[in-house]
Number of protein chains: 2
Amino acid sequence: MAAFENNSERDVRAAGAGTSPGRSLPGEQDVVRQRFIEEAGRFTQSLGLGRIIGQIYAYCYFCPSPCTLDELAEHLAISKGSASTMVRQLESWGALRRTWIKGDRKDYYEASDAFGRIVRNAARDIVGRSLDSVNELLEETGLPAADPDDDDIRFVQERIEKLRAFRDRTQGLWNSPIVKMLMKAKG
Amino acid sequence: MAAFENNSERDVRAAGAGTSPGRSLPGEQDVVRQRFIEEAGRFTQSLGLGRIIGQIYAYCYFCPSPCTLDELAEHLAISKGSASTMVRQLESWGALRRTWIKGDRKDYYEASDAFGRIVRNAARDIVGRSLDSVNELLEETGLPAADPDDDDIRFVQERIEKLRAFRDRTQGLWNSPIVKMLMKAKG
DNA sequence: GGGTACGTTCAGTTTGTACTGAACGCTTTG
DNA sequence: CAAAGCGTTCAGTACAAACTGAACGTACCC
C-alpha cells in the first residue's frame with residue numbers, strides 16, 4: 001500500500017538515476033512496479049510460500065540499486081522481522097545477493113535474474129526434504145522376506161518396486177543438462 | 001490410526017486374495033502399508049495440499065481392489081465429506097480412476113500408477129492458474145511508451161523483457177517430449 | 001410413495017502458520 | 001563506557017485454510 005511513495009530516502013536515490021533531474025513524482029513505471037509486486041505476492045502466496053517473499057523479491061527485482069531491510073519493511077509495510085527472515089530465505093535460494101556499501105553498516109540486497117536457478121533451488125529446498133523422507137522409507141522398507149507365495153505380500157512388493165523405479169527415473173531430472181539448458185538465461 | 005484394522009468388510013475382501021485361507025490377522029505388509037500411508041500424508045501436507053489427499057491416494061495405491069468412499073472414511077478416520085472432495089481432486093489429476101461394480105450402487109476408486117502424468121497434471125493445476133495470472137500481467141502491461149530517454153523507465157522495461165524471455169523459454173518445458181519421456185513409466 | 005443408500009455441498013469449527021513487534025546480541029561511534 | 005544502529009530471534013497473535021458433520025439432492029428398492 002505504502003510502496004513507492006516518493007518522499008523517502010530511497011526514492012530520492014532512485015530518482016537520481018533518471019534523466020529528468022527535477023522529477024520526483026511517481027511515474028507510470030512506479031504503477032507498473034506496484035502491480036508486479038502485488039502479483040508476485042499473490043503468486044508466492046498461492047504456492048504456499050506466503051505473500052511477503054514474493055513481494056520482497058519483486059521489489060528488489062525492480063530496484064535499480066540494492067535495497068536495505070528498513071527500506072523493504074517501510075515500502076512494503078511489513079515488519080522488519082519478516083523482512084529479515086524472508087530475505088535470508090531468498091538469499092539461500094540465490095534469489096537475492098547481499099552486498100555492502102563501504103562506510104555503511106547496513107546490508108544491501110539486489111535481485112538475481114537467473115530465474116531458472118532460483119526456481120530449481122527453491123523447488124529443491126521445498127520438495128527436497130519431503131522427498132528425502134519418502135526415499136528413506138523406500139530404502140529402509142525391507143520387504144516381508146517370508147511367504148513369497150502370499151499374493152497380498154507380492155502385491156505390496158510390486159507396488160513399492162514401481163515407486164522405486166519411478167524414483168530412480170526422475171531422480172536426475174532436475175540436474176539433467178537438458179532441463180538446465182532449457183531454463184538457462186542466454187544473456 | 002484406525003487404518004487397516006482387520007475386522008472390517010474390506011479387509012475380509014482383501015484377505016480373500018491371499019493364499020492362506022484362514023489368515024485374517026494383520027500381516028507385516030499391512031504395517032508397511034500403514035507407514036506408506038502416513039508418509040504420503042506428510043508428503044502432501046508439507047506441499048500444502050493437506051494430509052488427507054496423500055493418505056487417500058496411498059491407501060488406494062496399496063489396495064489390491066478398488067475402494068469406496070465409506071471404506072476410505074472409516075480406515076483413514078476422516079469425514080466422508082473430505083473423502084468425497086479429495087477423491088474428486090485426485091480423479092481430476094488422473095491419480096484415481098472411478099469404476100463401478102454392477103449391482104452395486106457405490107463408486108469404486110482405484111489408483112493409477114502413471115506417476116509422471118499425475119505429477120504433471122497436479123503441478124499444472126496448482127501452479128498453472130497462478131502462472132496464468134502472472135502471464136496476463138506480463139501481456140497487458142503496455143510499457144510507458146513516452147520518454148524513452150528516461151533511465152528508470154528503460155530499466156523497468158528491460159526487467160519486464162527479461163521476465164517475458166524466461167516465460168517464453170520455459171513455457172513449453174512441461175510439455176517437452178524429453179521431459180515426458182523421462183517421466184514415463186516403461187512397463 | 002415412503003424408505004434407504006449413495007455422493008455432494010456448505011456453514012461452522014478447529015487446526016496450522018504467516019506475520020508481528022518487542023527484546024536481544026553484536027558492532028560501531030561518540 | 002554509554003548509546004545508537006544494525007540484523008536476528010521468538011513468543012504471541014491473527015488470519016486463512018483444512019477438515020468436520022449435518023443437511024441436502026438423487027437414484028434405486030420394497
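Here is the naming used below: chain letters follow the sequence lines, and residue numbers restart at 1 for every chain. Values reported hereafter were calculated over all heavy atoms of this structure, with side chains retained and with hydrogens, waters and symmetry mates removed. Not measured: the values here are computed from a predicted model.
The CG-P distance, from Asp107(B) to dT26(D), rounds to 17 Å in whole Å. In this structure, CH2 of Trp100(A) is placed 12 Å from P of dG7(D), rounded to the nearest angstrom. Taking atom CD1 on Ile78(B) and atom P on dT20(D), their separation rounds to 6 Å, with Å as the unit. Between Asp70(B) atom CG and dT20(D) atom C1' there is a gap of 16 Å when expressed in whole angstrom units. In this structure, Leu72(A) places its CG atom 14 Å from P of dC19(C), rounding to the nearest Å. Atom pair Leu49(B):CG and dA16(D):P shows a separation of 20 Å (rounding to whole Å applied). What separates CD1 of Ile53(B) from P of dA17(D) is a distance of 16 Å, to the nearest Å. Taking atom CD1 of residue Ile126(A) and atom C1' of nucleotide dA18(C), one finds them 15 Å apart after rounding to whole Å.
Glu140(A) has a carboxylate O that lies under 4.0 Å from a charged side-chain N of Arg35(B), or vice versa, which qualifies the two as a salt bridge. With respect to the salt-bridge test (charged N to carboxylate O, under 4.0 angstrom), the residues Arg88(B) and Glu91(B) do not qualify. Salt bridge annotation for Lys80(A)-Glu74(A): absent, with no cationic side-chain nitrogen under 4.0 angstrom from a carboxylate oxygen. Taking 4.0 Å as the cut-off between side-chain N and carboxylate O, Arg129(A) and Asp132(A) do not count as a salt-bridged pair.
Closest heavy-atom contact between Asp107(A) and Arg98(A): OD2-NH1, 2.8 Å.
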Report task. Take Tyr61(B) and Phe115(B) through the ring pair (Phe, Tyr, Trp, His ring centres under 6.0 Å) test and state the conclusion after the steps. Result -> CA-CA 11 Å; Tyr61(B) 182 73; Phe115(B) 308 119; 5.6 Å; yes

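Counting only heavy atoms from C-beta on, Arg98(A) has its side chain closest to dG7(D) among dT20(C), dG7(D), dG7(C). Among the nucleotides dC6(C), dT20(C), dG7(D), the one closest to the side chain of Lys106(A) is dG7(D). With dT27(C), dG7(C), dG7(D) as the choices, the nucleotide that has an atom nearest any side-chain atom of Arg105(A) turns out to be dT27(C). Among the nucleotides dC19(D), dT8(C), dG21(C), the one closest to any side-chain atom of Lys80(B) is dT8(C).
Without hydrogens or angle criteria, Thr170(B) side chain to Phe166(B) main chain gives a donor-acceptor distance under 3.5 Å.
A heavy atom closer than 4.0 Å to some atom of DNA chain D occurs in Gly81(B), Ser82(B), these being the qualifying members of residues 81-93 of chain B.
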